[in-house]
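Have a look at the structure below before the remarks.
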Amino acid sequence: MAGMTVIVRTIARLLFPFTFLFGVYIVLHGHLTPGGGFPGGVIIASSVIMLLLAYGIERTQKRVGFLQAEVLESVGGLAIAVLGLFGLLLGIAFLQNVFPLGELGQLFSAGNLPLLYLGVGIKVTAGIILIFYAMLFAFRGEEK
Amino acid sequence: MQRVLALGMVLAIGALLVFTVSTNLLPFGSFPMRKIGENFENSIGQHILENAPQQTGAANVVTSVVWGYRGYDTLGEVTVLFAAVVGVVTIFRTFRRRE
Amino acid sequence: MSLELLIQNALLVFLFVLCLIAIELKDLLYSVIVLAGASVSLSVIFYMLQAPDIAITQAAVGAGVMTVLFVIAISRTRRKE
Amino acid sequence: MDFNYVIAMLLVALGLYCLLLKRNLIKLIIGLVVLTDGIHLFLISLGYRLGGTAAIVSGEMFSDLPGFAAHAVDPVPQALVLTSIVINICILALALSLTIYAYRHYGTLDPSKLRRLKE
């Protein structure tokens, strides 16, 4: 993967922050507006993949490597498990909503639902980037 | 011969499915078939709609179903995603070593 | 029949025709592009059926990730059926 | 006669036709996607309510929760379809990886020729 022309690179570099920010917004407001952890994670991963296809694999890999994505995915899964264990430690049930509920419609409300969505968002982002890396690296072995 | 048999089977299954959903003559199990746009009472969805904003505090009711009422289901979904990622990475790793 | 129902039925027919074309085309790359169009059409139908969560997810997955995965797989294998 | 249900079932039949009669592994995966789309359309149409709003509390509905519950669409099929889409993309990635692997190993995409052993 050698990368593309200057026009494509410039447009990709200009569009990357907006796409990334939109994905973060979708993840964080999953309990108030349509969206949630999975679509937001897919949008963030799409922005990184857009850079990857425009600049080629070598320059993007310095930012997000194979090992970092694996660690990030494990962190997301671990966050979900730890948040579930909070309810178990207080003696109620696994994944029970034990945090204060707050007021309906505010950003800091609904107990642990936004935190769980944040964990899912991190996990989905890292997982989809990892799938693309695996498929594109299999590519590179053939070109040699 | 095999292809003709398969085509006949597809046509039969398609006709059966379309006939079922358009005439309500052959209900799936004992589930009462809803016409499209029909009002529903006494269903689990109506119960969740009435109670979810007070019980979970989330404005989006779909969110409170996904992580509140059916949390174990979504935990299984996350596990499936993890298994798929591990499967893809494993396949291409052995692939690279053999080259 | 109101205008909204008319638009929805037209989109449903459009979705079915696009899926039929995607299955019957011989060139796999064109087939994948047509399938992405069908996915966007399905997303609009979901939005008209008052399910915006599913509409966002279907648009992001169907037009973004699914197409790129198919294109990588086709470029690794053969393009013509 | 409900047009949404008929189109959904026709999509399922179309996907089944592709799965049974096509002889290309990538075409089979496209058929799988079409079949799943039909099932998603069926489930979402099942939860629709005529003149309903989306299942999200917003605007002046914050002070009128019983009115919201009487007008919103069914949220349970939407949650089920959300789970189903995630699992669909996982299956897609794994199936495409196995397709690439099979093409490297056998040199063909015809599923009826995959039976013979290499070497």
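No experiment lies behind these values; they were computed from the predicted model shown. Only heavy atoms go into these numbers, but all of them, side chains included; no hydrogens, no water, no symmetry mates. Residue numbers start from 1 in every chain, and the chains themselves are labelled A, B, ... in the order their sequence lines are given, proteins ahead of strands.
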In terms of heavy-atom pairs under 4.5 Å, which option from [options] contacts chain D the most?
options: B:Leu49, B:Asn51, B:Ile44; answer: B:Leu49
options: B:Gln46, B:Gln2, B:Met9; answer: B:Gln46
options: B:Ala83, B:Ala15, B:Ala6; answer: B:Ala6

When only pairs under 4.5 Å are counted, which of [options] shares the most heavy-atom pairs with chain B?
options: D:Ala13, D:Ala72, D:Ser84, D:Ala55; result: D:Ala55
options: D:Leu21, D:Leu20, D:Leu16; result: D:Leu21
options: D:Ala79, D:Ala93, D:Ala70, D:Ser97; result: D:Ser97

**Request:** Grab the two heavy atoms, one from D:Val76 and one from B:Gly45, that are nearest each other, plus how far apart they are.
**Result:** CG2-CA, 4.2 Å

**Request:** Measure the shortest side-chain to side-chain distance between B:Val80 and D:Val86 over non-hydrogen atoms and say whether it is less than 4.5 angstrom.
**Result:** no

Which bit of [X] comes within less than 4.5 Å of chain D, counting heavy atoms only: side chain, backbone, both or neither?
X: B:Gln54; result: side chain
X: B:Leu7; result: both
X: B:Leu81; result: both

**Item:** Test log, rule side chain to side chain contact (heavy atoms under 4.5 Å, CB included), inputs B:Glu77 and D:Leu82
**Value:** CA-CA 10 Å; B:Glu77 168 204 321; D:Leu82 200 61; over 6 Å; no

**Interatomic distance, B:Ile91 atom CD1 to D:Ile100 atom CD1 [nearest 0.5 angstrom]** = 9.5 Å

**Item:** Distance, nearest 0.5 Å, that separates OG1 of B:Thr63 from CD of D:Gln78
**Value:** 10.5 Å

**Message:** Taking atom OH as the centre, does D:Tyr103 end up with more than 12 heavy-atom neighbours from other residues, nucleotides or ligands that are less than 6.0 angstrom away?
**Reply:** yes

**Fill in**
If one checks every heavy atom of D:Leu14 against chain B at 4.5 Å, the contacting part turns out to be neither

